Each structure stands twice: as structure tokens, then as C-alpha cells.
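Inspection log for the structure reproduced underneath, given as C-alpha cells.
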Amino acid sequence: MSLKRGPGPNQEQILRHLRRSNAVAQRAIALGHHPFGALLVAPDNETVLLEQCNIDTVNHAESTLARVAATNYTAEYLWQCTLYTAVEPCCMCAGTAYWANIGRVVFGMYESQLLEATGSHEENPTMSVSSKYVFEHCQKPVELIGPVPEIIEETRAMQQAFWSTR
Ligand SMILES: Nc1ccnc(=O)[nH]1
């Protein structure tokens, strides 16, 4: 299988997709879930193929998206696609994205920044394993982009508002 990838997203595309990931996270709150959302974007860095909100502590937005992606698209195609999430994927989700063969992951703020901002919560007891660490231990070069400073404040604000009243 070819591990060639097209050009990556520009800054405007990165911010637009991360903001949309936060909009999906807002929808998750309305549905009674945790404030996390993920997108799968096509190789053109424009077309949003899938949106997924958090379901529960086992079915995170990112890993659920990766499983749906692997069910609906070929591995060759997914290597050209990008997963976007405003909060860094946990090690479970980074691992699932890897096994789904998604070639690029873009995140807004570090999971450790989320933990700093909200403290550990029994419904979200963050694991301190970075997605960088996970991808460094893989056999294929998944491209990781993040953190993205411009998205951090709005992401932190939404997370703090949610977890402080939980
Ligand atoms: N990054 C995430 C943390 C917790 N739950 C999610 O769905 N996503």
C-alpha cells in the first residue's frame, strides 16, 4: 500500500475544521454527552466526510469516528484523509485512528492542558499518554499537527464551563 499523502491543510482550513469540531462538541452536550467532537476530512482538505460527537467514556468521538471511517472507506483512501479534534485524542483514540489507517491527525489543545484547566473528573480521568508518544511508536508515519494556539482559548472555555458544573 502506498504511504504517499497529498499536501496538508493550510492554517485557514485547520482553524475552520477545529472550530467545527467544537461545534460538534456543543451538539454532544445538547445530546447529553461529553463536549468532544471529531471530523474526518477528505484529501482535498475541504470536504467533511464524517462528523462524530462523544457517546460515552468508552466510545469517544475520535475512536468512534475512526471505526466508522474504517467501516466505510478503504485503508488506501483513509491514509489521505485527516481526523480533526479540538482536544488531543487520548491514547485509545490515537491507537484506533492508527489502526483505521487515517494518515493525518490535527488537534487544538493538549490533553494535558485540558486536565490542567478542568482537573480530573471521574467521568473523564485523563490518561497521561500523548498522541505524539503513541504515533512515535507506530510502524507507519502518521502526521500529527497540534497544538494550534488560536483555538485553545475557546476550547478551554467550553470545556471549563462544562466540567465545572458536572
Ligand atoms: N478527546 C476526548 C476525550 C474524552 N472523550 C472524547 O470523546 N474525546
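Note that ligands are numbered from 1 as they come in the structure, with each ligand's atoms numbered from 1 the same way. Because the structure is predicted, anything quoted here is derived from the model rather than measured.
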Within-cut-off N or O pair, Cys90 and ligand 1, under 3.5 Å: no
Contact summary for Ile152 and Pro147, nearest pair of heavy atoms: CD1-CB, 4.3 Å
Lys/Arg-Asp/Glu bridge criterion (N-O < 4.0 Å) met for Glu51, Arg20: yes
Atom indices of ligand 1 within 4.0 angstrom of Asn54 heavy atoms, with elements: 5 (N), 6 (C), 7 (O)
Presence of salt bridge, Glu122 and Arg166, under 4.0 angstrom: no
Heavy atom of His34, distance to ligand 1 below 4.0 Å: no
Note, Cys90 side chain near Glu111 side chain (heavy atom, < 4.5 Å): yes
Top protein contact for atom 4 (C) of ligand 1, by heavy-atom distance: Phe36 CE1, 3.3 Å
Tyr84 and Pro9, any side-chain heavy atoms less than 4.5 Å apart: yes
Proximity flag Glu88 to ligand 1, non-hydrogen atoms under 4.0 Å: yes
Residue portion contacting ligand 1 (non-hydrogen atoms closer than 4.0 Å) for Asn124: side chain
Residue, atom name and distance, where the atom is the protein heavy atom closest to atom 8 (N) of ligand 1: Glu62 OE1, 2.9 Å
Nearest-contact summary for atom 7 (O) of ligand 1 - protein heavy atom, Å: Ala61 N, 2.8 Å
Smallest separation among heavy atoms of Glu88 and Lys132, with atom names: OE2-N, 4.3 Å
